[in-house]
Amino acid sequence: MKELRFFCSPIITPVVELSPAETHHLLNVCRLKLGDRVELFDGAGSLAFATIAEITHRRVQLQVEEIRHLCPSAGGRVIIAVSLAKGQRFDWLIEKCTELGVDRIFPVIFERTVKLAKGKNIIQRYEALALAAAKQSRRLFLPRIDSPAPLSSALEILKNDFPAGRILLGSLSEQAKPLLPFLPGDTDVIAFVGPEGGLTEPEESLLDAFSVTTVRLTDTTLRIETAAVAFAAILSVQRDSRF
C-alpha cells in the first residue's frame, strides 16, 4: 500500500512542518501517528519521503529522508480555456481537469457567460480544489489557474505564453474538423470552450484573427464542464501516450 501524500512547500531537509490544513488532514482525517511514513509533494515536481518525527498540539514535524525532482515538460502542454459555469459545475471541472493532468485552466468571460466568479478569494478556492484533486490523483504538478478574464485578454495572454501553441475551439459547426487528428505531440494545445449560449459574431471574428481551428468533440451538444473534461481527457491521453 502506498503512503498517504500531503502537500508541503517548500520541501527542505532535514525537517519540515506541515501547514495547519495539512496537519488537520494528517491527524484528524487520516489519524496518522508518530513514526508513520508519508509522501510529500510541493506541486512543482518535487516528491519526498518522510517520517512523522514530532506531534504536538496542532503541529506536525516530519523527518525528510529522500527528495526526488521531476522537471516540468517544455512542450505538449494542455491548456483549457473555458467559460465559467453555474453553481458547483465549475468546481467539478477544476477537479476533473486536475485529475486528468491539465497544465493550465483559464476561466474565460464570454459575452454570453451566465455565471461570473465573485469574491476576492475565488482563485484560492479553485487552487484548493485543484490541490485536493492532485493529492487524490497523485500528480506532482499543480495546474496553474488564472483569474477570470474576458476572451480578448485570455487570447492575448495565452498566445504570449504559448507562442507556438495550437489553439482549438470546440464547435458543432459543419465546418468543424474531427478532434482526433490534432495530435498534440510536443506542441502545446490551447482548447477553448465557449458558453452554452454560443459565441457572438465579434467573438467569432476575434477567434478567427487568432487562427483558431474549430474542432468537433461529439455530435451531441455538451455542457460547458462536459466539453472541457472531454477536451482534457482526449488531449491528455494523446500527450501521455507518447511515453
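Computed from a predicted model, the values in this text were never measured in an experiment.
Atom CD of E111 and atom CG of L151 lie 9.0 Å apart (nearest 0.5 Å). Of the inter-residue distances, the one linking L172 atom CG with L217 atom CG reads 8.5 Å to the nearest 0.5 angstrom. Atoms CD1 and CD1, on I145 and I80 in that order, are 12.5 Å from each other to the nearest 0.5 Å. R216 CZ to L168 CG: the interatomic distance, rounded to the nearest 0.5 Å, is 14.5 Å. Going from atom NE2 of H25 over to atom OG of S19 covers 11.0 Å, rounded to the nearest 0.5 Å. The structure places CG of L155 at 6.0 Å from CD1 of I167, a figure rounded to the nearest 0.5 Å.
E22 places a side-chain N or O within donor-acceptor distance of the main-chain N or O of F7, the cut-off being under 3.5 Å. Put simply, the side chain of S153 never gets that close to the backbone of A149: no donor and acceptor are under 3.5 Å apart. Proximity of a side-chain donor or acceptor of R37 to a complementary backbone N or O of F49 within less than 3.5 Å is not detected. Panel note: side chain R139, backbone T98; a donor-acceptor pair is recorded below 3.5 Å. A donor-acceptor pair under 3.5 Å is formed between the side chain of R112 and the backbone N or O of G197. A donor-acceptor pair is defined here as one N or O able to donate and one able to accept, closer than 3.5 Å; no such pair exists between the side chain of T51 and the backbone of A53.
Listed here is the closest heavy atom pair of F90 and A85: CD1-N, 3.7 Å. Listed here is the closest heavy atom pair of T113 and S83: OG1-OG, 3.0 Å. Residues I105 and C97 share a closest heavy-atom pair of CD1-CB, 3.9 Å. The two residues I94 and A130 come nearest to each other via the heavy atoms CG2-N, 4.0 Å. Listed here is the closest heavy atom pair of A228 and V82: CB-CG2, 4.1 Å. Across A191 and L235, no two heavy atoms sit closer than the pair CB-CD1, 4.1 Å.
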Does the pair I67 and I11 meet the rule for a side-chain contact (heavy atoms from CB on, under 4.5 Å), with working shown? CA-CA 8 Å; I67 304 178; I11 300 175; 3.8 Å; yes

Before you tell me yes or no, could you show the steps for L27 and V60 under side-chain contact (heavy atoms from CB on, under 4.5 Å), namely the whole-Å CA-CA distance, both residues' side-chain angles and the distance that decides it to 0.1 Å? CA-CA 9 Å; L27 293 178; V60 171; 3.8 Å; yes

Please test S152 against L206 for side-chain contact (heavy atoms from CB on, under 4.5 Å), starting from the C-alpha separation and ending with a verdict. CA-CA 7 Å; S152 57; L206 180 60; 3.8 Å; yes

Step-by-step salt bridge (charged side-chain N to carboxylate O under 4.0 Å, His left out) determination, R89 to E95: CA-CA 10 Å; R89 292 162 54 194; E95 292 173 353; over 6 Å; no

I224 vs E196, side-chain contact (heavy atoms from CB on, under 4.5 Å): CA-CA, chis, key distance, verdict: CA-CA 7 Å; I224 291 169; E196 288 160 5; 3.7 Å; yes

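I109 and L207 are assigned to two separate hydrophobic clusters, defined by single-linkage of ILVMFWY side chains at heavy-atom distances under 4.5 Å. Using a 4.5 Å cut-off between side-chain heavy atoms of Ile, Leu, Val, Met, Phe, Trp and Tyr, with links allowed through other members, I234 and L222 fall into the same hydrophobic cluster. I12 is connected to V64 through a chain of hydrophobic side-chain contacts under 4.5 Å among Ile, Leu, Val, Met, Phe, Trp and Tyr, so both are in one cluster. Linking ILVMFWY side-chain heavy atoms closer than 4.5 Å, directly or via other members, places I122 and L93 in a single hydrophobic cluster. Grouping the Ile, Leu, Val, Met, Phe, Trp and Tyr side chains by contacts below 4.5 angstrom, directly or via other members, places L40 with I55.
When side chains are defined from C-beta on, R239 counts as touching V78, because their heavy atoms get closer than 4.5 Å. Side-chain contact between L47 and L70 is absent, with no heavy atoms from C-beta onward closer than 4.5 Å. The shortest side-chain heavy-atom distance between L32 and L4 falls under the 4.5 Å cut-off. Counting heavy atoms from C-beta on, the side chains of F6 and E39 never come closer than 4.5 Å. Contact annotation: the side chain of D188 never approaches that of D103 to less than 4.5 Å [non-hydrogen atoms, C-beta and beyond]. Side-chain contact between F41 and L131 is present, with at least one heavy-atom pair separated by less than 4.5 Å. Using a 4.5 Å heavy-atom threshold, the side chains of L84 and V108 count as separate. Between E201 and E203, every side-chain heavy-atom pair lies at or beyond the 4.5 Å cut-off.
The side chain to side chain contact (heavy atoms under 4.5 Å, CB included) test with L18 singles out one residue from I52, L62, V38, and that residue is L62. Of the candidates F210, F106, F162, F162 is the only one forming a side chain to side chain contact (heavy atoms under 4.5 Å, CB included) with I190.
By the salt bridge (Lys or Arg N to Asp or Glu O under 4.0 Å) test, E99 is found to be paired with K96, residues two or more places apart in sequence or in another chain being considered. In terms of the salt bridge (Lys or Arg N to Asp or Glu O under 4.0 Å) criterion, D36 has no residue partners (sequence neighbours excluded). Annotation: salt bridge (Lys or Arg N to Asp or Glu O under 4.0 Å) contacts of R104 (sequence neighbours excluded): D146, D161. With sequence neighbours left out, the side chain to side chain contact (heavy atoms under 4.5 Å, CB included) criterion links D91 to Q88, R125, Y126, L129. Listed by chain and number, the residues in a ring-ring contact (aromatic ring centres under 6.0 Å, His included) with F231 amount to none (sequence neighbours excluded). F141 pairs by the ring-ring contact (aromatic ring centres under 6.0 Å, His included) definition with nothing, not counting sequence neighbours.
Under the 4.0 Å criterion applied to side-chain N and carboxylate O atoms, R68 and E66 are assigned as salt-bridge partners.
At a cut-off of 3.5 Å, with distance as the only test, no side-chain donor of S173 or T214 sits close to an acceptor on the other residue.
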